[in-house]
> 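Below is a structure I'd like to ask you about.
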Amino acid sequence: MKNRWIERQIQDRSHPLPLLFYPAAPLLGITIKELLFSAINQALAMKIISDKCPLSAAIGIIDASVEAEAFGAKMQFYENQLPIVQENINLEEIENLNIPKVGVGREGINIMAIKKAKALIKDRPIFSVVTGPYTVCKELLSEAEITVAGYEKPQLIDILLKKISLYLIEYIKKLKKAGAEGIIINEPAAGGLTLDLCDKFSSRYLREICHEISDDNLIIMYHNCGNVILLVESIISIDADIYHFGSGVDIGEMLKLIPQDKIVMGNIDASEFKKEPSESIVHSTQKLLSRCKHNKNYVISSGCIIPADAAWENIMSFFTAVEGFYLNNK
């Protein structure tokens, strides 16, 4: 399945894959919080977007707080915002920290949502989203603590990252079993590291994760919305099938550095989907497609998560602009 989907994606780039999930909430008349805590709401969100938009795959919920909460971070929830960490864990807890049983926390809702979506969506693969190990680590520890510990107590960070990685492997396996045919690994925190630290605290563990989960039926996407152009050497060692980047990088330069047998996606600024008038997103889309039209492994996308309050007129204008560009450039 994987090779067939990748081949179709390259042959027909008029079906892009923006990170589109949360704008389903207003269509369903529900809050973000109601998406977070309901598998059926998540499945219906994937279904309503799949029916409305010509995406090449359906994308599940994107929530970087799930894994950190499973490991003991306390979250603050809001009706119409994504959760944030209210209380971190301490470095002293790491050595005795248990690896959570997958399915007991909110990840269980996300797993069930994939199973329900699989029953509703028959015309395209379903991609689930997990948070990368270093990003989970950063969610668990405070900014100051992880920075200091990375230099003074790297052995503790390594212990925590190993536990997170083992948990993520089991989580992804359960998502696969539920019906996910693609996994998006969301690792934005690694964008703030140096090349050496990115390899030590992120890519090294992602290589292990990808080795454990990879098979002929699973598409693996690496997403980082940071300015990661100096980290390419480390990032490509992960050997993902797709590399997805944000608006903070020059996508033309990234295309020169990423192997041509890998799909590169991004990097329309997600905030543009909120701007009025819709001509703004049309102009940005056409400009980026024109610049990258000779790169056969490039598929346009939003650079980051499209916010829940994005204008649907702008979202649909993006798809129309993509379709129109490829019709006019056959």
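Quick caveat: nothing in here was measured; it's all calculated off a predicted structure. Numbers here are sequence positions counted from 1.
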> Just to verify, what does K101 make a side chain to side chain donor-acceptor pair (under 3.5 Å) with, not counting sequence neighbours?
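Here no residue qualifies.
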> Do the rings of Y243 and F245 sit parallel, tilted or perpendicular, given the 30° and 60° boundaries?
parallel
> Does the distance from a Lys or Arg side-chain N to an Asp or Glu carboxylate O, for D309 and K274, drop under 4.0 Å?
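Here D309 pairs with K274 in a salt bridge, since their nearest N and O are under 4.0 Å apart.
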> In terms of side-chain geometry, is the basic nitrogen of E253 or K256 positioned less than 4.0 Å from the acidic oxygen of its partner?
yes
> Relative to each other, are the rings of Y134 and F201 parallel, tilted or perpendicular (30° and 60° limits)?
parallel
> So that I can tick it off, tell me whether R204 and D158 are bridged by a salt bridge, with the cut-off set at under 4.0 angstrom between side-chain N and carboxylate O.
yes
> If the threshold is 4.0 Å, N to carboxylate O, is there a salt bridge linking D196 and K200?
no
> Thinking salt bridges, do K174 and E107 make one under a 4.0 Å N-O criterion?
no
> For E272, check side chain to side chain donor-acceptor pair (under 3.5 Å) against everything at least two apart and list the hits.
S280, S284
> Test of understanding: clusters of I, L, V, M, F, W, Y form through side-chain heavy atoms closer than 4.5 Å, transitively. Do I159 and I164 belong to the same one?
yes
> Using the test side chain to side chain donor-acceptor pair (under 3.5 Å), find all partners of H223 that sit at least two apart in sequence or belong to another chain.
H244
> May I ask you to decide if the ring planes of F273 and F318 are parallel, tilted or perpendicular, using 30° and 60° as cut-offs?
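Judged by the thresholds at 30° and 60°, the geometry between F273 and F318 is perpendicular.
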